[in-house]
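Report on the structure given below.
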Amino acid sequence: MSLDERLFTWINGFIGESAVYDAAVRLLVNEYIVPVTLSLAVLYLWFGAKDEVQRDKWQSAVLVAALAVGIANAVVKLNNLLYFRERPFAGVIIDQLFYKPIDSSFPSNAAALAFALSAGVWMRDRRVGTLLLPFAALFPLARVAAGVHYPSDILAGALVGVASAVTASYLVRRLAGLFTPLVAAARRLGVA
Amino acid sequence: MMRDMLATITAHYLLFTFLTSLGLLQLAGARSKTRHLLLLDSVRASAALGVVLLIAGYSFFLEIADYGLPGLEGAQLFFEFLLTAIAALLVCAGANVARSGHIGASRRALRRRIAASVVELRPLFARRRQLRVEDEAT
């Protein structure tokens with residue numbers, strides 16, 4: 001058994017030990033709760049700044065995060081066309097807490113998107129980004145616990161997410177001539 | 001059967017994201033003092049309403065929805081979230097117009113805002129024009 005599989009078996013082994021733990025994993029593992037909460041955080045950043053300096057910083061963070069999510073999604077989709085890895089439930093005997101997805105296990109899409117978004121925010125606002133990162137990490141970790149991903153899928157997904165955020169941050173800076181008028185127009189319209 | 005399940009989770013998800021987006025806009029509007037985002041006159045009351053809407057949205061979804069079953073795809077989830085966030089924004093704007101009671105004045109204000117935002121977009125087109133002129137010159 002590889003280190004990846006051993007680590008997976010250990011993390012997945014906690015399922016069924018405690019009803020509270022199982023409920024927490026069920027809550028975090030689905031496609032709705034964590035992604036919506038992260039999206040709401042981004043919506044708050046877009047509209048909730050107290051002053052002009054914070055508004056510039058937060059809206060720039062939202063642009064970076066949104067672009068990073070787009071890049072991460074494209075990278076994962078492209079990878080899935082070229083490479084397929086079976087999900088853990090196909091090869092290892094596990095305790096499954098979630099339905100069985102049929103797409104490639106590697107890299108974790110959940111990790112890529114959650115890390116792209118939170119690292120994207122972190123690139124512009126360290127304090128808010130630091131608040132989002134642990135929350136974003138819980139999402140893919142719950143997927144390992146629930147038997148949907150191997151730990152290496154999560155690691156690769158997180159790397160894709162962070163690399164996407166760095167790329168997005170660079171692009172937003174480079175394309176300031178495009179983004180600045182768009183944000184200014186949105187502000188005039190009252191939607192930013 | 002599968003289609004019914006998908007329709008149900010979609011409806012639950014839309015209501016969940018709409019309630020939470022509306023609640024969050026109240027909190028954000030209260031913090032940034034953006035009056036046109038607030039559903040109520042009082043900033044504090046709007047913030048309290050925001051908290052209630054957020055709790056209501058999460059409670060509803062966690063209690064009612066079968067969120068452990070296969071459902072919507074990632075891109076679809078994102079698109080629907082965006083749609084409900086825009087709907088929540090429109091509700092806030094509509095509530096403001098209704099509260100002010102001056103539909104004509106609101107329409108004029110909207111027209112002014114659109115005109116001002118178009119002015120902000122001018123540098124984009126000016127730059128493109130300049131690039132085209134440079135291209136033609138070379």
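In what follows, chains carry the letters A, B, and so on, assigned in the order in which the sequence lines appear, proteins first and then strands, with residues in each chain numbered from 1.
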Got a list of side-chain donor-acceptor pairs under 3.5 Å for residues 47-63 of chain B, not counting sequence neighbours?
{"residue": "B:Tyr58", "atom": "OH", "partner": "A:Thr37", "partner atom": "OG1", "Å": "2.6"}
{"residue": "B:Ser59", "atom": "OG", "partner": "B:Ile55", "partner atom": "O", "Å": "2.5"}

Non-hydrogen side-chain atoms of [X] and [Y] separated by less than 4.5 Å:
X	Y	answer
B:Thr34	A:Phe47	no
B:Arg113	A:Arg188	no
A:Gln54	B:Arg31	yes

Expected list for residues 9-21 of chain B: side-chain donor-acceptor pairs under 3.5 angstrom, two or more places apart:
{"residue": "B:Thr10", "atom": "OG1", "partner": "B:Leu6", "partner atom": "O", "Å": "2.6"}
{"residue": "B:Tyr13", "atom": "OH", "partner": "B:Leu77", "partner atom": "O", "Å": "3.0"}
{"residue": "B:Thr17", "atom": "OG1", "partner": "B:Tyr13", "partner atom": "O", "Å": "2.9"}
{"residue": "B:Thr17", "atom": "OG1", "partner": "B:Leu14", "partner atom": "O", "Å": "3.1"}
{"residue": "B:Thr17", "atom": "OG1", "partner": "B:Thr84", "partner atom": "OG1", "Å": "3.0"}
{"residue": "B:Thr20", "atom": "OG1", "partner": "B:Phe16", "partner atom": "O", "Å": "2.7"}
{"residue": "B:Thr20", "atom": "OG1", "partner": "B:Thr17", "partner atom": "O", "Å": "3.2"}
{"residue": "B:Ser21", "atom": "OG", "partner": "B:Thr17", "partner atom": "O", "Å": "2.6"}

Q | Option that, when pairs with chain A are counted at under 4.5 Å, heavy atom only, ranks first among B:Gly23, B:Ser32, B:Gly29 | A | B:Ser32
**Q.** chain A contact via B:Leu37 - which portion, at a heavy-atom distance below 4.5 Å
**A.** side chain
Q) What part of B:Ile86 gets closer than 4.5 Å to chain A, counting heavy atoms only: side chain, backbone, both or neither? A) neither
Q. What closest approach, in Å, do A:Pro181 and B:Leu121 show between heavy atoms, and which atom pair accounts for it?
A. O-CD2, 3.9 Å
(Q) How about CH2 on A:Trp122, more than 12 heavy atoms from neighbouring residues, nucleotides or ligands closer than 6.0 Å, or not? (A) no
(Q) Report, in residue-number order, which members of residues 89-99 of chain B are under 4.5 Å from chain A by heavy-atom distance. (A) B:Leu89
Which atom pairs, donor and acceptor, lie under 3.5 Å between side-chain atoms of residues 170-179 of chain A and protein residues at least two apart or in another chain?
none

Q: Check A:Val191, A:Leu189, A:Leu182 against B:Ser117 for a side-chain contact (heavy atoms from CB on, under 4.5 Å) and give me the one that passes.
A: A:Leu189
Q: State the NZ-CG distance between B:Lys33 and A:Asp51, to the nearest 0.5 angstrom.
A: 11.5 Å
Q) Among A:Pro35, A:Gly48, A:Ala186, which residue forms the greatest number of heavy-atom pairs with chain B at distances under 4.5 Å? A) A:Gly48
Q: Counting only heavy atoms closer than 4.5 Å, note whether A:Arg55 contacts chain B via side chain, backbone, both or neither.
A: neither
